[in-house]
Novice: 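Right, I'll just put the structure down here and ask away after.
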Amino acid sequence: MPSAGSVNDRVLVLMPTLRDAERTGELLLEANVESVLCSDLGHACRELCRGAGALLLTDDVLLHDTAGELALTLRAQPAWSAVPIIVIAREGATEHVQRTASDALTGLVVVERPVRTHSLLSVVLSSLRARRHQYDVRDAIAARDAQSAALAAQEERLRLAMAAGRLGSWSIDVEKKELETSSLCKAAFGRSEDEGFTFEDLRAAIHPEDRERTLEAFDRSLETGGEWDVDCRVIWPNGETRWLLLRGGTVSGNGGPKRLVGVSLDVTERKRLQENLEASRIELASQAEQLRTNDRRKDEFLATLAHELRNPLAPIRTGLDVLSSGNQAPENARALGIMNRQLTHMVRLIDDLLDVSRITRGKLELKKERVTLGAIIDSAVEATRSVVASSGHSLEVDVRDADTAFEADSTRLAQVVGNLLHNAAKYTPRGGRLQLRASAQNGAAEIVVADNGIGIAASRLDDIFDMFSQADPTPRAAQGGLGIGLALVRTLVEMHGGTVRAESPGLGRGSTFTVSFPIESRGASLPAPSLPPPSNAPSARVRVLVVDDNLDAADLLQMMLESDGYATSVAYDSRSALELAATQHPDIAILDIGLPDSNGYEVARALRDSPENRDLLLIALTGWGSAEDKHKAAEAGFDVHLTKPVDGARLRAALSRGRSHHRCPAA
Ligand code: ADP
């Protein structure tokens, strides 16, 4: 049995008689060769097209193929194929067969009769071997074709990718300095596809400022064999400057010339975007700086504005005090009362404004001292008494642990509670019910201010504590306010290490504000702070020198002091102040700080330097009220620092200190 080979190994047998064909087939079978017995030439040609290792036939079949059917079939075979055609010919007919056979029969072998079995078999087997070599060639061609197809597909993909990425390719023969470029690479240098572009052209096209470092990158790559990339500007023939990214490496191809190869990419747009981005960044930074400057100026302006507003209020306050001192007709008393309340309101707004500017400039400072919870609450209730009363509200005050003492800034905490009470009165319709509860337990103080007023929407409960935030931003002439009260409350409470929160069951259902802060209570009670009781008792023997460049302020203050029974003199500048002091030896001097020819600090120092005035009571009365200002005043020798506009009661309290501690007590 022949091995089950493929059709390609079959021997096609075409004999004049079936008997001859069968005998040949048997013979081949014995040599393990598969055969196909063909009935005629047409049959043989069809089988040949399917595949055959050789065709074995007699010369008369060949000679009778006048139509050239076999030649046609063989010509249709692929180029690598030369099917062995073994022709059994009459004796001496070899030459005739070869001559008459078509050119197409390239694999022709003639075997003359008488045919010896052995030699026929050896011809068949060597023909099959030759045929197998042809198959090897065929396979090699197919493999090469497949490889070329894969390579072509790969190149096409690369070309598409490079085109999509706008990547040009270039290669330089290092020795000959010869440049090859793709059309995209040329385009990146502003050249058309058919224009020449040499290595020298490339060199010259690189911007002079970038040329050295670009060529250095080439050289480094040649030395180290490493990869590199470089951004450089190139100048196009039309004068346009573009940015290119060149990226490459060195190839020392198998014995071939050493080459620098790489890609080019036009990155002009990217560079422009980067430049725009950088410009925007710089612009933004400068705008931010400008904003900060403006903000700083605004804060400074606010501080100056508040101070300047305070100055004119001082004489108004004093004037009102003067007017209020005597017996008044009822309508005058009413008008004075209104003016006093409005003035208090205005002072409050200005104080808030000043505090805001202190917060934003980081200049708010606490002046801690030993205080009691009760004193803080009393002070706040006192400060808001008229607002609460004028709105017809009731105020329930429930203070536990009133005597608990701790370190805190009592003025600021009273301001916190005062602000909350003020708001409770402001945001509660007339005749409301306000509650103030305070306690100090387990190392913490808690102060609660509750009202049954307009309430606060849940969504606003947190941000009402932000600066300039108002739950209802529509103009509310009735309530007024700058939206800074609660921001101050929160800042001051936080400066005491505490927290403040707002609660409200909803609009129209009242609000509750809870302040809590840690206290270091030693359980000790403090005696109630005792300011000397204000007294109008005059003393003709107490001399007061008033120094202020604001004529109105100075004169009104003088009027008030005179009506209280003091002997007064007034100076509007520092020179006259010192002269008056030298001649009159006042017991008390009230000095403004900003003076035209010098300032209050210097006057104070000069007074303290003269032996006869060393003991006089020095009171600074100024619009500048920060801790730093107070510190400066103390350094200059002032005994008391009062911030304008000061009300009559406070000033009188300070003056009475002078009366009690100096040589001429009140009569
Ligand atoms: P102002 O009262 O000047 O507007 P605040 O900072 O004191 O500023 O208060 C901020 C906002 O919080 C107020 O505008 C008001 O809408 C709301 N608010 C404060 N206290 C109360 C309160 N007791 N009841 C209702 N709303 C309040």
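Counting starts at 1 for both ligands and their atoms, in listed order. For reference, positions follow the sequence shown, starting with 1.
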Novice: Can you name the closest pair of heavy atoms from I619 and A654 and give their distance?
Specialist: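 Closest pair (atom of I619, atom of A654, distance): CD1-CB, 4.1 Å.
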
Novice: Out of D351, D352, V489, which residue meets the side-chain contact (heavy atoms from CB on, under 4.5 Å) rule with Q415?
Specialist: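 The option that passes is D352.
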
Novice: Please indicate whether any nitrogen or oxygen in G485 is less than 3.5 Å from any nitrogen or oxygen in ligand 1.
Specialist: yes

Novice: Go through ligand 1 atom by atom and flag the ones less than 4.0 Å from a non-hydrogen atom of I464.
Specialist: 10 (C), 12 (O)

Novice: Of all the atoms in ligand 1, which lie at a distance below 4.0 Å from a heavy atom belonging to S511?
Specialist: 22 (C), 24 (N), 25 (C)

Novice: To the nearest 0.5 angstrom, please state how far the CG atom of L421 sits from the NZ atom of K426.
Specialist: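 Here the rounded value is 13.0 Å.
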
Novice: Considering the heavy atoms of I484, write down every atom of ligand 1 situated less than 4.0 Å from one of them.
Specialist: 6 (O), 8 (O)

Novice: Do L591 and F638 touch side chain to side chain, with heavy atoms closer than 4.5 Å?
Specialist: yes

Novice: Would L651 and M560 count as a side chain to side chain contact (heavy atoms under 4.5 Å, CB included) here? Give the steps.
Specialist: CA-CA 11 Å; L651 183 60; M560 187 186 105; 3.7 Å; yes

Novice: Give the numbers and elements of all ligand 1 atoms closer than 4.0 Å to a heavy atom of G455.
Specialist: 25 (C)

Novice: So which heavy atom on G432 is nearest to which on H393, and how close?
Specialist: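 Nearest pair, atom of G432 first, then H393: N-ND1, 2.8 Å.
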
Novice: Ligand 1 versus L420, non-hydrogen atoms closer than 4.0 Å: side chain, backbone, both, neither?
Specialist: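 Neither; no heavy atom under 4.0 Å.
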
Novice: At a 4.0 Å threshold, what atoms of ligand 1 neighbour a non-hydrogen atom of K426?
Specialist: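 Numbered from 1, ligand 1 contributes 1 (P), 2 (O), 3 (O).
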
Novice: Applying a heavy-atom cut-off of 4.0 Å, say which part of F513 lies close to ligand 1: side chain, backbone, both or neither.
Specialist: side chain

Novice: N/O of G483 under 3.5 Å from N/O of ligand 1, yes or no?
Specialist: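 Yes: some nitrogen or oxygen of G483 is under 3.5 Å from one in ligand 1.
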
Novice: Answer yes or no: does an N/O atom from L486 fall short of 3.5 Å to an N/O atom of ligand 1?
Specialist: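 N/O-N/O distance under 3.5 Å: yes.
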
Novice: Considering all heavy atoms of both residues, which atom of L309 and which atom of P312 are nearest to each other, and what is their separation?
Specialist: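 Looks like O-CD, 3.3 Å.
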
